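The structure presented is a predicted model; accordingly, all values stated were derived computationally and were not measured.
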Amino acid sequence: MKLFVISDLHLGGSPHKITDNGIVGSQICHSYAELTQFIDWVAVQQKGAGTVELVINGDIVDFLMEEDLSSDHEIERIENLKPWLPDEQLIIEKLARIVVRTREGHSRGPFDAMADLLANNQCLTFVLGNHDIELSLPKVREYLERSVLKSSITGRFKFLYDGEAYVRGDLLIEHGNRYDRWNVVDHSALRQERSMLSRGLGLEMMQLEYALFKPPAGSIMVTEVINPIKRKYRFVDLLKPEIKAAVPILLALHPKIEHVLSAITPAYIAKSTTFLSPVVPEKAGQLSFTNANAPFDVRSSLELALGVDDAELFSVKSTSGNQLGVTESWDEIKRMSGHISNWLEDEDNLLNKGVTRARNKLLHKALNAWKGAFALDRHSESSEYLEALNIIANTKKFSCVILGHTHLPKQIVISNDMNYINTGTWADTMRIPENVLAGSEVSNEFHEFIDNLSNNKIDDYIVRCLTYAEVELEVIGEQEKVISSRLCEFTVDAKNAEGV
């Protein structure tokens, strides 16, 4: 049995274009044709019925990027996006639009290739991420399975949407967002919301406004901070992972953005002092990781990304407690989010000409933290993930763990010979040339780079790595065992497609 694992496709969103009112569009994956070819290639690796399985490990689609078409104005369609929308019919309409968009005018696209894979008696498994949470809603799941994938024909489709990891013998697969405090999904509350929706109580749920399920803080940062900024600067769409990249760079862009982020963190970032370890909750129902002995705020995010000394340069103060309830916080977030476009036009905007050297130094520090050695080295990982991986390895239950979420492909041998693979992303990422950060914030290379960001000349910095994990399983005795596991990259040319 061979498994092929990919993640973080972020399918959906309209193509970018420049208008008189700024940049519109939100598509961050431009590999639809390659993805279709990859799925077709996976299908021909079979050696009989049920001998091949494709696992899509979270962030399959991106509902934070798929516009609300209720407005005739393109800018308003982005502004009206919500971090969480329990309107099943509207989500079904968005999913149907994503299926069509990803065909790019052709007769087939990625979802058609998935349906064909199932029709050929091979297996397909979805694992829920943090940008595709609405896929878990009851009627959306039914539409996905029956109308999009037509999976009732073979019964070979599985969807893990309740916080459960996908385990095959000594192989563990999960999206990985439970180790990122900005993007923890409260599956216990989400389950309650689905329970209500299944009973036809959707209207009552929407009137409650987050009474049961609160979206992750990272989702709110995307819709209320990143989406308004990307109307002027496209590069913010590519800031991953969000703690290491987005928070320091957003704070460097304009000092007032701190106020929006500070309104998000108290009410929406998961906090707990009762976790026994980074992977083990003390209380039943707590499915998500929080490595906290103190409240988590914007200052904590800066220190995690930059270190204590460099975080001090941003003059962001620690905040504690939650002075506002969720509804009050949401109103405050929306109020301040509405001012972001104006902030980016004033003299304090980092990318405006004539900013002080001190402000350039902040961005230089933030970009260095983002670029960090671990981001480009496929054989090292950040400490927060390594801590959790070592605890999993010490259970001696798994010989291979596969994650996604960070958009950074990795393959590392952890303790007890456990192989760790991160499958990266098929969406666009941005790489900073070595010479840009080799000097100081006054270097010509750095200023040229800043000018290019300001003028949205970023094509030369965009990278697409079509990475996947290939795992071979064999039944030994009564249990499946991993025989081999490796990180691969898919390549396409005019004559063939192949895994490398």
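Residues passing the side chain to side chain donor-acceptor pair (under 3.5 Å) test with Tyr166 are Glu53, Lys158, Arg168, sequence neighbours excluded. In terms of the salt bridge (charged side-chain N to carboxylate O under 4.0 Å, His left out) criterion, Glu104 has no residue partners (sequence neighbours excluded). For Phe111, there are no ring-ring contact (aromatic ring centres under 6.0 Å, His included) partners at least two apart in sequence or on another chain. The side chain to side chain donor-acceptor pair (under 3.5 Å) test applied to Asn435 returns no partner, not counting sequence neighbours. Residues that satisfy the side chain to side chain donor-acceptor pair (under 3.5 Å) test with Tyr420, not counting sequence neighbours, are Glu381, Asn422. Asp62 pairs by the side chain to side chain donor-acceptor pair (under 3.5 Å) definition with His10, His131, not counting sequence neighbours.
Here the closest heavy-atom approach between residue Gly176 and residue Leu403 is recorded as CA-CD2, 4.2 Å. Residue Asn419 comes nearest to Ser485 through the heavy atom pair ND2-OG, 2.8 Å, listed as atom of the first residue, atom of the second, then distance. Residues Lys232 and Asn456 share a closest heavy-atom pair of O-ND2, 3.0 Å. The minimum heavy-atom distance linking Ser380 with Ile412 is given by the pair C-CD1, 3.5 Å. The two residues Trp182 and Met221 come nearest to each other via the heavy atoms CZ3-SD, 4.1 Å. The two residues Glu470 and Cys488 have their closest heavy-atom pair at CB-SG, 4.1 Å.
Rounding to the nearest 0.5 angstrom, the gap separating the OG atom in Ser7 from the NE2 atom in His405 is 10.5 Å. To the nearest 0.5 Å, the span separating CZ on Phe398 from CG on Leu171 amounts to 8.5 Å. Here the NE2-NZ distance, from His379 to Lys410, works out to 9.5 Å after rounding to the nearest 0.5 Å. Atoms OG and CD, on Ser219 and Glu224 in that order, are 10.5 Å from each other to the nearest 0.5 Å. Atom CG of Leu363 and atom CG of Leu251 lie 11.5 Å apart (nearest 0.5 Å). Between Arg234 atom CZ and Ile458 atom CD1 the span is 4.0 Å, to the nearest 0.5 Å.
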Next item on the list: Kindly indicate, with the supporting measurements, whether the criterion side-chain contact (heavy atoms from CB on, under 4.5 Å) is fulfilled by Phe38 and Val492.
Entry: CA-CA 9 Å; Phe38 171 75; Val492 180; over 6 Å; no
Notebook entry, point to check: Hey, mind stepping through Glu34 and Arg464 against salt bridge (charged side-chain N to carboxylate O under 4.0 Å, His left out) and telling me if it holds?
Noted result: CA-CA 11 Å; Glu34 293 86 347; Arg464 291 168 193 151; over 6 Å; no
Check: What do the steps show when you test Lys361 against Glu441 for salt bridge (charged side-chain N to carboxylate O under 4.0 Å, His left out), and what is the final call?
Finding: CA-CA 6 Å; Lys361 186 176 183 178; Glu441 67 275 7; 5.5 Å; no
Item checked: Evaluation steps, side-chain contact (heavy atoms from CB on, under 4.5 Å), between Thr467 and Arg378 -> CA-CA 12 Å; Thr467 45; Arg378 292 188 176 184; 4.0 Å; yes
Next item on the list: Let me see the working for Asp132 and Phe126 under side-chain contact (heavy atoms from CB on, under 4.5 Å), right down to the final yes or no.
Entry: CA-CA 11 Å; Asp132 53 7; Phe126 281 6; over 6 Å; no
Margin query: What verdict does the side-chain contact (heavy atoms from CB on, under 4.5 Å) test give for Phe63 and Leu85, after you've listed the backbone C-alpha separation in whole Å, the side-chain angles of each residue and the deciding distance to 0.1 Å?
Written below: CA-CA 9 Å; Phe63 289 124; Leu85 186 62; over 6 Å; no
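With Tyr32 as reference, Gln27 is the one residue of His106, Gln37, Gln27 to meet the side chain to side chain contact (heavy atoms under 4.5 Å, CB included) rule. Checked options Leu128, Asn130, Asn183; the residue passing with His175 is Asn130 (criterion: side chain to side chain contact (heavy atoms under 4.5 Å, CB included)).
You'll find the side chain of Thr429 stays beyond 4.5 Å of the side chain of Leu408, heavy atoms only. Within the 4.5 Å cutoff, no side-chain heavy atoms of Ile392 are placed close to those of Ile414. Side chains of Val222 and Pro83 form no contact here, defined as non-hydrogen atoms less than 4.5 Å apart. Ile402 has its side chain out of reach of Leu3: every pair of non-hydrogen atoms, C-beta onward, lies at least 4.5 Å apart. Side-chain contact between Leu306 and Phe314: present, with at least one pair of heavy atoms (C-beta onward) separated by less than 4.5 Å. Side-chain contact between Ile229 and Ile257 is present, with heavy atoms from C-beta onward closer than 4.5 Å. No side-chain heavy atom of Ile432 sits less than 4.5 Å from a side-chain heavy atom of Tyr461. Between Ile133 and Pro216 there is a side-chain heavy-atom pair separated by less than 4.5 Å.
For the residue pair Asn227 and Lys230, a side-chain donor N or O sits within less than 3.5 Å of a side-chain acceptor on the partner. In summary, the side chains of Ser454 and Asp451 do not present any donor paired with an acceptor at a separation below 3.5 Å, with no hydrogens or angles considered.
In this structure, Thr425 contributes its side chain and His407 its backbone to no donor-acceptor pair below 3.5 Å. A distance-only check finds a donor-acceptor pair linking the side chain of Ser262 to the backbone of Glu258 [under 3.5 Å]. Although no hydrogens or angles enter the test, the distance criterion places a donor-acceptor pair under 3.5 Å between the side chain of Lys94 and the main chain of Glu66. Arg299 places a side-chain N or O within 3.5 Å of a backbone atom of Val316 that can act as its donor or acceptor partner. The closest donor-acceptor contact from the side chain of Asn57 to the backbone of Glu174 lies under 3.5 Å.
Residue-environment remark: CG (Asn444) stays at or below the threshold of 12 foreign heavy atoms within 6.0 Å.
Ring geometry for Tyr468 against Phe490 counts as perpendicular: the plane angle is over 60°, on a 0 to 90° scale with 30° as the lower cut.
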